[in-house]
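Everything on this sheet refers to the single structure shown next.
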Protein chains: 2
Amino acid sequence: MSSADLKKVGLKVTLPRLKVLEILEQEGEEHHLTAEDVYKILIEQGEEVGLATVYRVLTQFEQAGIVRRLNFENNISVFELDTGDNHDHLVCVKTGRVKEFVDPIIEERIKEIAKEKGYELSAHSLVIYGTLKDDLK
Amino acid sequence: MSSADLKKVGLKVTLPRLKVLEILEQEGEEHHLTAEDVYKILIEQGEEVGLATVYRVLTQFEQAGIVRRLNFENNISVFELDTGDNHDHLVCVKTGRVKEFVDPIIEERIKEIAKEKGYELSAHSLVIYGTLKDDLK
DNA sequence: GTACTTGCAAAGGATTTGCAGTCCG
DNA sequence: CGGACTGCAAATCCTTTGCAAGTAC
């Protein structure tokens, strides 16, 4: 993910955009960040950005298909790089930690259900909430 | 669903509560209402309630297990009576219409996945987005 | 009566927008 | 340069809260 990718989707290569991308890449699979999280990291790194810019950049990335926006229970959005594998999420209700998974059986059933009911499938969102047993103490 | 049910969960039987229940019942399976929707219906019916009360009542109902609160893509909450069948939802991206379904295979897989990953399952949320073919025009 | 409820207005948190200045290409 | 981009502050949207008055039991 680099400046070339930004150009490809018609976005100018600017510092805020590169930095946001960088952060999302570093955080990797285990982290799913709030716009505010991204903003705080930027500030910690000494960058001068506004929270509004972070929101704008993330929204643009979402529209460009670079980023996925997820809405968990609490009605707050978290963002992750869109790796194209279309995975789902498992959220620990105790720690908030997020794990990703892909399940072909569910994937398949979702397609069938859409078909059965006469819908042209466009997307789905599956979140499993539970307590990671190690976290039960 | 009646005044007896309210008492059972420790809520006093008041007009706003009865009216909200009534509306949720009338709307039935096809409708999933926002707090604002419920409020508007109440106003149309000539009831004198505040939007805040609607939110409070719905939240109390949710905690009492009478109502389910769902969060679809846009970060706004919709409410439905909790019939206890733990169904999932299919949303038409064109009209916003919501259809319910229960799929034992998916249900089963979700349990297995939670187990595999070492989680104690507490809930899940599955929403399928698509276009109802009849709506394609 | 008294604790639970309510309506209203004000507060709150997350996200968006208006605008003047700044920067990429 | 010129349009795209940014930071800041103000605005917006949905939802919650504080408080004084009202109501169920």
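Chain letters run A, B, ... following the sequence lines, proteins first, then strands; residues in each count from 1. The shown structure was predicted, so the numbers you read here are calculated from the model rather than taken from an experiment.
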One character per nucleotide, please: for nucleotides 20-25 of chain C, 5' to 3', B when the base has a protein heavy atom closer than 4.0 Å, S when only the sugar-phosphate does, - otherwise.
----BS

Tell me, for nucleotides 7-17 of chain C in 5' to 3' order, what letter each nucleotide earns: B for a base near a protein heavy atom under 4.0 Å, S for only sugar-phosphate near one, - for neither?
BBB----SBBB

To the nearest angstrom, how far is [X] atom [atom1] from [N] atom [atom2]?
X	N	atom1	atom2	result
L18(A)	dA4(D)	CG	C1'	15 Å
L58(A)	dT6(D)	CG	C1'	15 Å
Q60(B)	dT17(D)	CD	C1'	13 Å
I43(A)	dC8(D)	CD1	C1'	12 Å
L42(A)	dT6(D)	CG	P	12 Å

Residues in salt bridge (Lys or Arg N to Asp or Glu O under 4.0 Å) with E107(A), at least two apart?
none

Set of residues satisfying salt bridge (Lys or Arg N to Asp or Glu O under 4.0 Å) with respect to R109(B), sequence neighbours excluded
D103(A), E112(B), E116(B)

Considering only NZ, NE, NH1 and NH2 on the basic side and carboxylate oxygens on the acidic side, decide whether K40(A) and D37(A) come within less than 4.0 Å.
no

Any donor-acceptor N/O pair, R17(B) side chain to V57(B) backbone, under 3.5 Å:
no

Checking the side chain of S122(A) only, and the main-chain atoms of Y129(B) only, is there a donor and an acceptor separated by less than 3.5 Å?
yes

Can you classify the ring geometry of H32(B) versus F72(B) as parallel (below 30°), tilted (30 to 60°) or perpendicular (above 60°)?
tilted

Please determine whether a side-chain nitrogen or oxygen atom of R17(B) lies at a distance below 4.0 Å from atom OP1 or OP2 of dC4(C).
no

Quantify the bending of the helix from dG1(C)-dC25(D) to dG25(C)-dC1(D) as the angle between its end axes, each fitted on five pairs, to 10°.
30°

Residues R68(A) and H87(A): side-chain donor-acceptor under 3.5 angstrom
yes

Taking transitive links into account, so neighbours of neighbours count too, which hydrophobic residues share a cluster with I105(B) at under 4.5 Å side-chain distance?
I105(A)

Can I41(A) be reached from L15(A) by stepping across I, L, V, M, F, W or Y side chains whose heavy atoms are under 4.5 Å apart?
no

Enclosure of E108(B) CD (heavy-atom neighbours >12, cutoff 6.0 Å)
yes

Say you draw a straight line from CG of L132(B) to NZ of K94(B); how long is it, rounded to the nearest 0.5 Å?
10.5 Å

